[in-house]
*Asks:* 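Just passing along the structure, written as structure tokens.
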Amino acid sequence: MKNLFADRMSKVPRSFVREILKVTENPDIISFAGGLPNPLSFPHNELAEASAFVLSNSSNKALQYSSTEGYKPLREYIANRYQLSGLDVSSDNILITNGSQQGLDLIGKIFLNRGDAVLIERPTYLAAIQAFGLYEPKFVSVPLLNDGVDLNILKNMVETFNPKIFYSVPNFQNPTGITYSLEKRKEIGKIFNKNRTIFVEDNPYGEIRFMGDDLPPVKKYLKRSILLGSFSKIVSPGMRLGWIVADNEIMNNLVTAKQASDLHSNFLSQMIVHRYLTDNDVEKHLNNIRKMYKIQRDCMITMIKKYFPSDVKYTRPEGGMFLWVTLHDGMSSMELFEIALDENVAFVPGEAFYSDDPELNTLRLNFSNSDVKKIEEGIKRLGNSIKMLELKM
Ligand code: PMP
């Protein structure tokens, strides 16, 4: 059976996060492992109303096949939101996808030949390594500093490898929570406007800033780029809706690739989400999510200060859903994972987020999907687990 499968399948890791999610289905376990939004943030009633409206008033359209590009009013809504924030985006340059995850797959499909260089952040979003990995590129990674990627190394890598794409999550990155500074965004514009590499800006968390000032998308400083957005973290991930913003030539190729994949994204979902967005106070909804996640993030940081050994380092994200912990040198977060699971607490060991040469003493904690009581108890258990691991060393 084994040699029936395409070679590419042996090169892509299974998602460790999805595997862990199976373990953490046990209700006794406090899980900081998944990347789930808090279900309390879902607009349950409003989506029920929007669904009833669409199905009673436009069911012929909503239940029928439709265009690959997506529901025009939804694309216009998205373009309008960008315009209000000063970005010159037209609905013609928006393709609706099945979450931004499909965007990553389509980008891989239209750009990558086997062996092409793909630049990624170090660490990076695990499922981007999977999505691009299926096209068998050569990954080259650039370390992330507290204010974004290391620009000297980035310049060097771009010159040395002439990559087709650089995949980046500039706002509240998954897994680290790191955000690129304004200066870095501008410098990146200068670097990429001089060569062929396309900057792929994945921004599913940008709207969930709960501290500090909004920063312009890197797209603002680039002549050519691809920007990905998603409704997963601001409305509902189960609706599976995201989008890609790209110029005409890239858009034409994406549309062809999407036709081959699935013809178009779920049209009923698109119409419901559009109805929801136009009938409700979206700013108020976003503010509620921001408030909720800030409380949870603050609680996690307070508890880390209280229960973790003082030499453990951690990021202090201004938005998003994750923070990144670095244990002291020589400690293994995989070993910690085993101990922590016995204590009924879970997280994702950092090595899952590297394409090669992982930093074994790192780990990702999610704060969006646990209330403050769970965070308090879970971080206490994790702190004990770290101390147990230290004693074993
Ligand atoms: N990009 C990043 C950085 C993510 O963290 C996620 C979700 N975990 C995605 C893309 C995919 O999100 P979706 O397909 O639900 O839009």
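As the structure lists them, so they are numbered: ligands from 1, and atoms in each ligand from 1. Numbering of residues begins at 1 and proceeds along the displayed sequence.
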*Asks:* Within ligand 1, which atoms have a heavy atom of G99 less than 4.0 Å away?
*Replies:*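 Listed by number with element, the hits are 13 (P), 14 (O), 16 (O).
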
*Asks:* Is E159 salt-bridged to K155, going by a charged N under 4.0 Å from an acidic O?
*Replies:*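 A salt bridge is absent here (no side-chain N lies under 4.0 Å from a carboxylate O).
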
*Asks:* Hydrogens and angles aside, do S91 and K72 bring a side-chain donor and acceptor to less than 3.5 Å of each other?
*Replies:*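 The criterion, which ignores hydrogens and geometry beyond distance, is satisfied for K72 and S91.
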
*Asks:* As an exercise, identify every atom of ligand 1 less than 4.0 angstrom from a heavy atom of P204.
*Replies:*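 By the 4.0 Å cutoff, the relevant atoms are 1 (N), 2 (C), 3 (C), 4 (C).
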
*Asks:* Could E183 and K186 be called an ion pair, given the rule that one side-chain N must be under 4.0 Å from one carboxylate O?
*Replies:*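 Salt bridge between E183 and K186, a charged N being under 4.0 Å from a carboxylate O: no.
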
*Asks:* Short list, please: which atoms of ligand 1 are under 4.0 Å from a heavy atom of D202?
*Replies:*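 Near D202, meaning under 4.0 Å from one of its heavy atoms, ligand 1 has 1 (N), 2 (C), 3 (C), 10 (C).
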
*Asks:* As an exercise, identify every atom of ligand 1 less than 4.0 angstrom from a heavy atom of S230.
*Replies:*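 Listed by number with element, the hits are 13 (P), 16 (O).
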
*Asks:* Any idea how H44 and F42 line up, ring-wise: parallel (<30°), tilted (30 to 60°), or perpendicular (>60°)?
*Replies:*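 Ring orientation, 0 to 90° scale: tilted.
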
*Asks:* Looking at R81 and E283, is there a salt bridge between them, counting it only when a charged N and a carboxylate O are closer than 4.0 Å?
*Replies:*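 Counted as a salt bridge, because a side-chain N and a carboxylate O are separated by less than 4.0 Å.
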
*Asks:* Tell me which part of F231 gets within contact of ligand 1: side chain, backbone, both or neither, using heavy atoms under 4.0 Å.
*Replies:*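 F231 to ligand 1: no contact under 4.0 Å from either part.
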
*Asks:* Heavy-atom contacts with R240 under 4.0 Å: which atoms of ligand 1 show up? List them by number with element.
*Replies:*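 It comes down to these atoms of ligand 1: 13 (P), 14 (O), 15 (O).
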
*Asks:* Is the shortest N/O to N/O distance between Q102 and ligand 1 below 3.5 Å?
*Replies:*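 No, Q102 has no N/O under 3.5 Å of an N/O on ligand 1.
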
